[in-house]
Number of protein chains: 2
Amino acid sequence: MPYASDHKQKSREKILTSARRIFKERGFDGVTIDDVMGDAGMTRGGFYAHFRSKGDLIAHALASEGPDEQKPWGALELLGFAELYVSADHRDRPGEGCPAAALTQEIARSDDETRTAYTDFLRRFAEVIDTYLGNDGNALSDDALAIMAQMVGTVQMARAVNDPMMSTRLLKAGRQAVEYLLPPEAD
Amino acid sequence: MPYASDHKQKSREKILTSARRIFKERGFDGVTIDDVMGDAGMTRGGFYAHFRSKGDLIAHALASEGPDEQKPWGALELLGFAELYVSADHRDRPGEGCPAAALTQEIARSDDETRTAYTDFLRRFAEVIDTYLGNDGNALSDDALAIMAQMVGTVQMARAVNDPMMSTRLLKAGRQAVEYLLPPEAD
DNA sequence: GTCTATAGGCAGATAGAC
DNA sequence: GTCTATCTGCCTATAGAC
């Protein structure tokens, strides 16, 4: 037989891996199915054996994003995490970065499936922060939500401004702000 | 003569007024020139008597955005300003709201003209905050930049999540965070 | 200055070969 | 399962009438 039994599954993973990166680099509307499939080493026609539509791909790409992933964020303390998140490196490499910093505004205008996948992602993100803070309750803490918003907003604006000095200053101010937002008991 | 002498100028203003609102509601890519011109009461063909291209319109629409404008934000204190900015009303009415909360990510992927117009807008925005804080120096303060990032990031995520409870909690946490970010001397 | 009409290009989705 | 070829619709920009 011409295809191994897990061939389809591997193709699907390749498509998702390409999609996650390219969507974050260029936005949903700036990416065609041809772009994603070409990056994954296939052609457009084969796409529909894996996903129903472009919107379906978007939802699955988002659902497969994890703040825990292969990134080097595991054992660091929260301030170290914030140093990496609110950094020039993260600013300059959106494709390997956080989907919230790259896609939040397009998601706000997307369908329910996509917004649900994003909501779940944000929950996982905030849970990571709460773990750093020592909060192990069920509900997300206000501190975690505020720190997340600070980091996401900062990286976004640092990417958008045209002035390198202002971009650097935004990042610096954002890192400081995370410190100010730490609850007093979490030192 | 069939047209008043200021007719062209008034048409241009109508186009810009429609563009500012529609772009913030649906994003640059989600809006066609037909949409803008239709909203302004004209047809597509007339557009190019006013702007060279869609990108040109985007840059001029952004350049004409002001945080000082006709909005009811004038005389309030900074916390009052933050209450209005980080509110359910602002979340639910992006068309009348801040361009940074609606367009930052698309701008990060736009041409230099657009990014320059955005950078200038952010400077004016941060200057308003610095005025509230009593900072009248030439450079923007870190506090103003951080408060701006907090507000912008919070409203964006509150718009994108699919869970009304989580959206409300994000707004509440974001408003609290602005308080924590106030410098100690500005009480 | 603004209109209608159209040129030209691109992208999402499908059909059918292998 | 993936390929090439194609249908269909939409959008930017231009041409030319009024």
Side-chain angles (χ1 to χ4, degrees), chain A residues 1-62 103 106-107 109-114, chain B residues 1-23 25-62 103 106-107 109-111 113-114:
Chain A
M1 56 191 180
Y3 297 108
S5 63
D6 63 345
H7 189 205
K8 181 172 183 182
Q9 181 60 27
K10 289 201 167 167
S11 291
R12 185 189 159 95
E13 287 307 322
K14 266 196 238 173
I15 295 169
L16 282 172
T17 299
S18 295
R20 282 192 295 268
R21 181 172 54 75
I22 302 183
F23 280 144
K24 287 183 286 189
E25 286 172 355
R26 315 218 296 264
F28 299 140
D29 282 346
V31 173
T32 69
I33 293 179
D34 226 11
D35 293 334
V36 174
M37 293 300 280
D39 188 85
M42 284 169 278
T43 56
R44 185 165 67 246
F47 173 78
Y48 295 91
H50 296 281
F51 300 97
R52 288 195 321 273
S53 65
K54 185 181 180 180
D56 190 38
L57 172 64
I58 289 172
H60 281 93
L62 262 185
L103 297 168
E106 266 184 300
I107 289 164
R109 299 185 279 259
S110 296
D111 59 30
D112 262 325
E113 243 181 326
T114 298
Chain B
M1 55 192 181
Y3 296 108
S5 62
D6 63 347
H7 190 206
K8 181 171 183 181
Q9 180 61 25
K10 289 202 168 166
S11 291
R12 184 188 160 97
E13 287 306 323
K14 267 195 236 172
I15 294 169
L16 283 172
T17 299
S18 295
R20 282 192 296 268
R21 181 173 52 77
I22 301 182
F23 281 143
E25 285 173 355
R26 315 218 296 265
F28 299 140
D29 282 347
V31 173
T32 70
I33 294 180
D34 227 11
D35 293 332
V36 175
M37 293 300 279
D39 188 86
M42 283 169 278
T43 56
R44 185 165 66 246
F47 173 78
Y48 295 91
H50 296 280
F51 300 97
R52 289 194 319 274
S53 66
K54 185 180 179 181
D56 190 38
L57 172 64
I58 288 172
H60 281 92
L62 261 185
L103 297 168
E106 266 184 300
I107 289 164
R109 299 184 280 260
S110 297
D111 60 28
E113 241 182 327
T114 298

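The sequence lines fix the lettering, A, B, ..., with proteins before strands; numbering per chain opens at 1. The shown structure was predicted, so the numbers you read here are calculated from the model rather than taken from an experiment.
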| task | Classify the ring geometry between A/Phe51 and A/His60 as parallel (under 30°), tilted (30 to 60°) or perpendicular (over 60°). | result | tilted
| message | For the residue pair A/Asp56 / A/Ser53, report whether a side-chain donor-acceptor contact shorter than 3.5 Å exists. | response | no
| note | Scanning both residues in full, the closest heavy-atom pair of B/Arg109 with A/Glu25 reads CD-O, 3.4 Å
| field | Member of A/Asp35, A/Asp29, A/Leu57 meeting the side-chain contact (heavy atoms from CB on, under 4.5 Å) criterion with A/Phe23 | value | A/Leu57
| Atom pair CG (A/Leu62) and CG (A/Leu103), whose distance is rounded to the nearest 0.5 Å | 6.5 Å
| request: Measure from CD1 on B/Ile15 to C1' on C/dG1 and round the result to the nearest Å. | output: 10 Å
| task | Return no unless some side-chain N or O of A/Ser11 is found under 4.0 Å from OP1 or OP2 of D/dT2. | result | yes
| query | Atom CG of B/Asp34 to atom P of D/dG9: distance rounded to whole Å? | reply | 17 Å
| field | Contact residues, residues 48-58 of chain B to DNA chain C [heavy atom, < 4.0 Å] | value | B/Ala49, B/His50
| message | I need the minimum non-hydrogen distance between B/Asp34 and B/Arg44, along with the two atoms involved. | response | OD2-NH1, 3.2 Å
| query | Do A/Arg20 and A/Glu13 meet the salt-bridge criterion of a basic N to acidic O distance under 4.0 Å? | reply | no
| request: Could you tell me the separation between the CD1 atom of B/Ile33 and the P atom of D/dC11, rounded to a whole number of Å? | output: 11 Å
Under-3.5 Å N/O pairs linking protein and nucleotides 3-6 of chain D:
residue: D/dC3; atom: OP2; partner: A/Thr43; partner atom: N; Å: 2.7
residue: D/dC3; atom: OP2; partner: A/Thr43; partner atom: OG1; Å: 2.8
residue: D/dC3; atom: O5'; partner: A/Thr43; partner atom: OG1; Å: 2.9
residue: D/dT6; atom: O4; partner: A/Arg44; partner atom: NH2; Å: 3.0

| A/Phe47 CZ to C/dA13 P: how many Å, rounded? | 7 Å
| said: What's the closest nucleotide to the side chain of B/Lys8 if the choices are C/dA13, D/dG1, C/dG1? | reply: C/dG1
| query | At their closest point, which heavy atom of A/Gly46 faces which heavy atom of A/His50, and how far apart are they? | reply | O-CD2, 3.6 Å
| A/Lys14 NZ to D/dG1 C1', straight-line distance once rounded to whole Å | 12 Å
| query | When the distance from CG of A/Asp29 to C1' of C/dC10 is rounded to whole Å, what number comes out? | reply | 14 Å
| task | State plainly whether the residues B/Asp39 and B/Lys14 are in salt-bridge range, i.e. N to O under 4.0 Å. | result | no
| request: Could you tell me the separation between the CZ atom of B/Arg12 and the C1' atom of C/dT2, rounded to a whole number of Å? | output: 17 Å
